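Step one of this worksheet: look at the structure below.
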Amino acid sequence: MPEATQAEIGRRLYHVQREKRVERAIKLIQQGLGPEWKSYTHEKIVLLGHLLQCTWNTIDQEIWEKIPFAHAKKSDIDRVLSFGTDVRPGRNPTQENVGEIKKILLALT
């Protein structure tokens with residue numbers, strides 16, 4: 001097995017941390033929405049995760065940890081998802097859309 005460089009290890013750790021933080025955020029959103037969560041398809045939940053990962057990159061981690069994701073309303077999540085047109089793994093939202101998602105999340109506080 002080839003040895004990984006420090007840079008590659010750092011990138012992997014960054015991605016793992018981002019995925020864990022976004023998974024936690026989605027679980028909190030799910031808990032907060034309760035039965036309304038069931039209205040989202042698996043594809044919409046995957047899209048939400050992708051959008052949140054792209055936005056996580058732009059928010060200071062201390063601030064991210066303080067966002068009360070459990071207080072998100074269905075209308076907030078629908079607005080976030082509205083920025084996901086033509087977005088999928090390998091095709092990220094525009095920086096403008098990430099900025100709008102960031103505003104929605106920061107308004108939860």
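Start at 1 with the first residue, then count along the sequence. Since the structure is predicted, the reported quantities are computational estimates derived from the model, not experimental observations.
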Side chain to side chain donor-acceptor pair (under 3.5 Å) with Arg21: which of Glu65, Gln61, Gln53? Glu65

Can Glu23 and Lys20 be counted as an ion pair, charged N to O under 4.0 angstrom? no

Hey, what do you get for NZ (Lys38) to CD (Gln30), rounding to the nearest 0.5 Å? 9.5 Å

Rounded distance (nearest 0.5 Å) linking atom CD of Gln31 with atom CH2 of Trp37: 10.5 Å

Quick one: list whatever passes salt bridge (charged side-chain N to carboxylate O under 4.0 Å, His left out) with Arg88, sequence neighbours left out. none

Mind listing the side-chain donor-acceptor pairs of residues 71-83 below 3.5 Å, one per line with the distance, residues two or more places apart or on another chain?
residue: Lys74; atom: NZ; partner: Asp78; partner atom: OD2; Å: 3.2
residue: Asp76; atom: OD2; partner: Lys73; partner atom: N; Å: 2.8
residue: Asp78; atom: OD1; partner: Tyr40; partner atom: OH; Å: 2.7
residue: Ser82; atom: OG; partner: Arg79; partner atom: O; Å: 2.5

Are more than 12 heavy atoms from other residues, nucleotides or ligands located less than 6.0 Å from atom CD of Glu62? no

Between CD of Gln95 and CG of Asn57, what distance do you get to the nearest 0.5 Å? 9.0 Å

Hydrophobic cluster membership, with links at side-chain heavy-atom distances under 4.5 Å among I/L/V/M/F/W/Y: are Leu106 and Val98 in one? no

Determine whether Thr55 and Ile59 make a side-chain contact, defined as any pair of heavy atoms from C-beta on separated by less than 4.5 Å. yes

Those residues at least two apart in sequence (or on a different chain) that pass side-chain hydrogen bond (donor to acceptor under 3.5 Å, both in side chains) with Trp64 are none

side-chain hydrogen bond (donor to acceptor under 3.5 Å, both in side chains), that's the test. Do Arg12 and His15 meet it? Break it down for me. CA-CA 5 Å; Arg12 288 181 188 173; His15 289 287; over 6 Å; no

What's the separation between atom CG in Leu48 and atom CG in Leu51, rounded to the nearest 0.5 Å? 6.5 Å

When rounded to the nearest 0.5 Å, the distance separating CG of Leu108 from CG of Leu28 is 11.5 Å

Determine, step by step, whether Ile9 and Leu13 satisfy the side-chain contact (heavy atoms from CB on, under 4.5 Å) criterion, reporting the C-alpha distance in whole Å, the side-chain angles of both residues, the deciding distance to 0.1 Å, and the verdict. CA-CA 6 Å; Ile9 291 170; Leu13 288 173; 4.1 Å; yes

Is there side-chain contact between Trp56 and Gln17, with at least one heavy-atom pair below 4.5 Å? yes

Output for pair (Ile101 CD1, Cys54 SG), nearest 0.5 Å, gives 7.5 Å

Could you walk me through whether His42 and Val46 pass side-chain contact (heavy atoms from CB on, under 4.5 Å), step by step? CA-CA 6 Å; His42 175 73; Val46 170; 3.5 Å; yes

